[in-house]
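Below, read A as the first sequence line, B as the second, and so on, with proteins coming before strands; counting in each chain starts at 1.
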Number of protein chains: 2
Amino acid sequence: MSTATIQDGDEVHDGGPSPAAQGRVIEAVGVAIASGELVPGTRLTLEGLQHEYGISRTVARDTMKVLESMNLVYSRRRVGIVVQEPSLWNVFDPNLVRWRLASDRRDLQYSSLTELRIAVEPIAAAGAARRASAAERAQLVSLAADLRRLGEAGDLQAFLAADIAFHQLLLRSCGNEMFRALEGMIAEVLTSRTRQGLMPFKPRSEALQAHEAVATAVAGGDTAEAERAMHHILDEVREAMGLR
Amino acid sequence: MSTATIQDGDEVHDGGPSPAAQGRVIEAVGVAIASGELVPGTRLTLEGLQHEYGISRTVARDTMKVLESMNLVYSRRRVGIVVQEPSLWNVFDPNLVRWRLASDRRDLQYSSLTELRIAVEPIAAAGAARRASAAERAQLVSLAADLRRLGEAGDLQAFLAADIAFHQLLLRSCGNEMFRALEGMIAEVLTSRTRQGLMPFKPRSEALQAHEAVATAVAGGDTAEAERAMHHILDEVREAMGLR
DNA sequence: TCTTCATCAAAGATGCTATCTATTCGTGTC
DNA sequence: GACACGAATAGATAGCATCTTTGATGAAGA
C-alpha cells in the first residue's frame, strides 16, 4: 500500500516489503544445504541470492554471515560463497539440527542424537543426584509416578508428554549447562521415537520401574544408582538401535 | 597509509580501514558477553556499536545477526539489541566455548566440558569398535603404544600431544558426526588439564594400560570392552573432579 | 476534585533497500 | 613468469518503512 518506491518490479515478491525476509532466506538456504540439495563446493553469489529471493544486498550479506557462523558456508572474494563440507558444520546448532531432521537425511541426524542421548543421560542423572534442587527432586519423583499411571493406562500421548518432561527436567537440573542445551533435541528424539512406532505400544513394566529407580536415586542423592538406572533405561534404546 | 577517504574523523580508529572489522567486533562483543561484562538485559544499539567500534551500520548489523544466531542477544525494534540469559545461549558453538574458556568464568566451562567428555567418550569408544576403519584401528593401537613409551619416558609434552591425538582419533572414527564435532573441545580440555597441573607428573601405569585396553578392544571390535576400558580411563578424571 | 482507564500521537530503534568505493585474488595474456 | 583485467566480496552511507514503547491527553467514575 504505502510502499512508495519498489522500482524495477521485474520480480515483485508477493509479501509486500516482506518483514522477516531475513529468516525466510536463512531458512531456505539452510534447508537446501542441510538436505544436501546444495552439495559441498557449490558456489553462490550475493547477487544470485538477491535475485532469487528478491532481497537487498544487505540482507543477502547477513544471511550468509549467519550461515558462515554455523560453518555451513565460507565466503571468499572473487569466488563467492562456497558450501562447506558437512564434516565442518556446527552440528550442535539447534537450527541445523532442526533442518536436518526435516530433510530426507533425517535418519542420520536421528541416530546421532540418540547416541548422544545414550551418552549424556546417565551422567546427567548422576549430576542431578548430586546437584538438583529439592523441588526438582520432588518433581522428578512425581513425574515417575505419572509415567507409571499413564503407561499402565495405555495413554500413549500423555505418556510421551510426561516422558519428555521427565528427561528434560533431568537435563535441566543436572547442573551442566551444556547438557541443558540438549533439552530441545532430546524432546525431538523422544517425539520422533513414538511417532515412528519405535516405542512399544504399552511401555514395558521394566522401563517404568527404571524411571522410578532413577527418580528415587536422584531424590536420595545416590549418584551411582541414578547413573546405573538411567543406563538401564537406555539399554532398551540401544537394543532397538542395534547398538548392543 | 593508503587510507584515502576516512571522513569526519571525530574518532579515527587506529587500525586504518581495518580489514576484517567484522571479526574484530564479533570477537569483542562476544567476549564481553561471554565473560559477563555485559550482563543479561543490557541494551546495545546499532548506533552505539557504530560509534564504539568505528564501523558502519552494515557491519554492526551483520555482527549482531551472528551474535543473534548464537542466541547471545536478541534484537527488537524500538528497544535495541538485548543481551540474553546465559541459559539460552548456544553453548555448543565453538566460538562461544572459546570465549568462555578465555574469560574468568573459565572453570565453569571447563567442568561442563569435562563432564561432557566423561559422558561421550565411552560411547564413542564403543562406536569406534563397531564402525572404525581398519586404518583407524591400527593407528589407535599405535598411538596407545606411543603413549606408553612417552609416558614411561616422562616426556609430558609429547605425551600430551599423543594423548590428544588418541582421543581425537577416537571421536573422529566413532562414526557419529556430533561426537566428531567435539574434537576441538576435547583437545582444549586435555591441554588445559596438563597446563593446570591436574595431570599426574608421570602418567599412572593404570591409565596407560587402560588406553591400550581401549585400543585393543576397538581393534578387535569388542564394543563392550572398549566402552568399559574408556570408562576406566575417565574414572581417574571423575575422581579428580570430585564427581565420584 | 481526584483518580483511573482508554486512546492517540510522537519518538526511537531496527528492518530493509539502494548505491557507492575499496580490496582482493583468480585468470588469461603477453 | 609477470602483469593487467575483471569479478566478487568487504565495507560505508543515506533514506524510507515499520514497529513498539512511552507519555500525554481526555473522558468517565468515585
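Straight-line distance from the CD atom of A/E47 to the P atom of C/dT19: 12 Å, rounded to whole Å. To the nearest angstrom, P of C/dA13 lies 15 Å from NE2 of B/H51. Rounded to an integer number of Å, the gap from A/Q50 CD to C/dC16 P is 14 Å. One interatomic measurement links the two molecules: CG of B/L44 to P of C/dG12, which rounds to 19 Å at whole-angstrom precision. Rounded to an integer number of Å, the gap from B/M64 CE to C/dC16 P is 16 Å. Between B/L49 atom CG and C/dA13 atom C1' the separation is 13 Å, expressed in whole Å.
Taking for each of B/R78 and A/G23 the nucleotide of DNA chain C with the nearest heavy atom, the 5'-most of the two is the partner of B/R78. Ranked by how close their nearest DNA chain C nucleotide is to the 5' end, A/R57 and A/R76 are led by A/R57.
The base of C/dT24 lies outside donor-acceptor range of the side chain of A/R77, with no N or O pair under 3.5 Å. One N or O donor and one acceptor, one from the side chain of B/T58 and one from the base of D/dT13, sit under 3.5 Å apart.
Among the nucleotides D/dT9, C/dG15, D/dG11, the one closest to any side-chain atom of A/I81 is D/dT9. Minimum atom distance to the side chain of B/V79 is reached by D/dT21, of the listed C/dG15, D/dA12, D/dT21.
A/R43 CZ: 12 or fewer foreign heavy atoms inside a 6.0 Å radius.
Residue B/T45 places no side-chain N or O under 4.0 Å from the OP1 or OP2 atom of C/dG12. One finds no side-chain N or O of A/S56 lying less than 4.0 angstrom from the OP1 or OP2 phosphate oxygen of C/dC16. Remark: A/Q22 is not in phosphate contact with C/dG15, judged by side-chain N or O atoms under 4.0 Å from OP1 or OP2. For C/dG15, one of the phosphate oxygens OP1 or OP2 lies less than 4.0 angstrom from a side-chain nitrogen or oxygen of B/R61.
For the 3.5 Å distance criterion, the side chains of B/W89 and A/E177 fail to qualify, holding no donor opposite an acceptor. Side-chain atoms of A/E136 and A/S133 include a donor-acceptor pair closer than 3.5 Å.
Side-chain atoms of B/S111 come within 3.5 Å of backbone N or O of B/D107 as a donor-acceptor pair.
Ring geometry for B/F92 versus A/F92: interplanar angle under 30°, hence parallel rather than tilted (30 to 60°).
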